[in-house]
Asker: 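The structure under discussion is supplied below as structure tokens; questions concerning it will follow.
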Amino acid sequence: MAHLSILRYPDPRLHTVAKPVAAVDERIRRLVDDMLETMYAADGVGLAATQVDVHERLVVIDTSPERDKPLVLINPEIIARSTELAVAEEGCLSVPQVYDKVERHARVTVRALGRDGQSFELAAEGLTAVCVQHEMDHLLGKVFVEYLSALKRERIRTKMLKKTREEQRKT
């Protein structure tokens, strides 16, 4: 397995719309494993392939307290949403150390293929529902900061660019 590099906002590649996975083959299973390793190493609860510069419809999630129940969503689609909305504080591995409140559907049902290529449906609520919607946004080229005000977004963009420049000077 390999630790993958996570793109940082405002990298324009984060706005690429992902294409469907054509086949769940060994390449995709290896990507799933690498993404899970990367997500766990970064202490995240979700990671979309877009964030590691692979523009295919693939998401990995693990919201379990023990961090031992990985969920793989290949070609996911939300097939049901609750009318009830909920506000939760979100963060993102592509926008490190930035957290803000975002309103999303309280419950969603998603249909996807698993790591084995088999279709399944998942009814999600709470953190898992937030995570599914957040990661699926990445597949559409959308980062959670786009739900925030223009002023907040610009401050975050400036902060991320400054952080990137500082890190590049150190190397």
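This chain uses plain numbering: 1 for the first residue, then up along the sequence.
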Asker: If you round to the nearest 0.5 Å, how far is CZ of Phe120 from CD1 of Ile74?
Answerer: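 Going from the CD1 atom of Ile74 to the CZ atom of Phe120 covers 8.5 Å.
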Asker: Kindly compute the distance separating CG (Leu85) from NE2 (His105), expressed to the nearest 0.5 Å.
Answerer: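 These two atoms lie 6.0 Å from each other.
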Asker: Determine the minimum heavy-atom distance between Arg57 and Leu139, stating which atoms define it.
Answerer: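 Taking every non-hydrogen atom into account, NH1-CB, 3.6 Å.
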Asker: Using the rule that two of Ile, Leu, Val, Met, Phe, Trp, Tyr join whenever any of their side-chain heavy atoms come within less than 4.5 Å, decide whether Tyr9 and Tyr147 are in one cluster.
Answerer: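 Looking at the clustering, Tyr147 is in the same group as Tyr9.
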Asker: What pair of heavy atoms forms the shortest contact from Arg157 to Pro10, and how long is it?
Answerer: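 Looking at all heavy atoms of both residues, the shortest contact is CG-CG, 3.7 Å.
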Asker: Which pairs count as salt bridge (charged side-chain N to carboxylate O under 4.0 Å, His left out) when at least one residue sits in residues 7-21, sequence neighbours excluded?
Answerer: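 Listed once each, the pairs are Arg8-Glu167, Asp11-Arg13, Arg13-Asp53.
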Asker: Once you round to the nearest 0.5 Å, how far does CG of Leu31 lie from OG1 of Thr38?
Answerer: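 One finds 9.0 Å between CG of Leu31 and OG1 of Thr38.
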Asker: Could you report the tightest heavy-atom contact between Phe144 and Val98, atom names first, then the distance?
Answerer: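 Scanning both residues, the minimum pair turns out to be CZ-O, 3.8 Å.
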Asker: Taking Asp62 for the side chain and Lys69 for the main chain, is one N or O donor matched with an acceptor at less than 3.5 Å?
Answerer: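 Yes, Asp62 side chain to Lys69 backbone: donor-acceptor pair under 3.5 Å.
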Asker: Should Glu84 and Arg107 count as an ion pair when the cut-off is N to O under 4.0 Å?
Answerer: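 Arg107 and Glu84: salt-bridged.
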Asker: Taking Asp137 for its side chain and Lys142 for its backbone only, find out whether a donor-acceptor pair lies under 3.5 Å.
Answerer: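 Here the side-chain-to-backbone pair does not exist.
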Asker: Taking all non-hydrogen atoms of both residues into account, name the closest pair between Arg29 and Val24 and its distance.
Answerer: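 Scanning both residues, the minimum pair turns out to be NH1-O, 3.2 Å.
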Asker: Hey, which of Val132, Val45, Val72 is the one that makes side chain to side chain contact (heavy atoms under 4.5 Å, CB included) with Ile61?
Answerer: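 Option passing the side chain to side chain contact (heavy atoms under 4.5 Å, CB included) with Ile61: Val132.
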Asker: Give a yes or no on whether the backbone of Glu77 and the side-chain of Arg111 come within a donor-acceptor separation of less than 3.5 Å.
Answerer: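 No; judged by distance alone, with no hydrogens or angles, the pair does not exist.
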Asker: Under 3.5 Å, is there a donor-acceptor pair between the side chain of Glu154 and the main chain of Ala150?
Answerer: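 The answer is no, because no donor-acceptor pair under 3.5 Å joins these two groups.
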Asker: Where the side chain of Ser94 meets the backbone of Gln51, is there a donor-acceptor pair that is under 3.5 Å apart?
Answerer: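 Here the side-chain-to-backbone pair does not exist.
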Asker: Treating Thr109 as the side-chain partner and Ile79 as the backbone partner, does any N or O pair qualify as donor plus acceptor under 3.5 Å?
Answerer: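 No.
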Asker: Backbone N or O of Ala49 within a donor-acceptor pair of the Glu56 side chain at under 3.5 Å?
Answerer: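 Judged by distance alone, no pair lies under 3.5 Å.
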Asker: Looking only at atom types and distance, does a side-chain atom of Asp25 sit under 3.5 Å from a main-chain N or O of Ile28, one as donor and one as acceptor?
Answerer: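 Present.
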Asker: Show your working on side-chain contact (heavy atoms from CB on, under 4.5 Å) between Val145 and Asp100 and close with a plain yes or no.
Answerer: CA-CA 8 Å; Val145 298; Asp100 214 316; over 6 Å; no
Asker: Looking only at heavy atoms, what is the nearest atom pair of His134 and Cys92, with distance?
Answerer: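 Closest approach of His134 to Cys92: NE2-SG, 3.6 Å.
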Asker: Can you name the closest pair of heavy atoms from Ala112 and Pro76 and give their distance?
Answerer: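 Looking at all heavy atoms of both residues, the closest pair is CB-CA, 3.8 Å.
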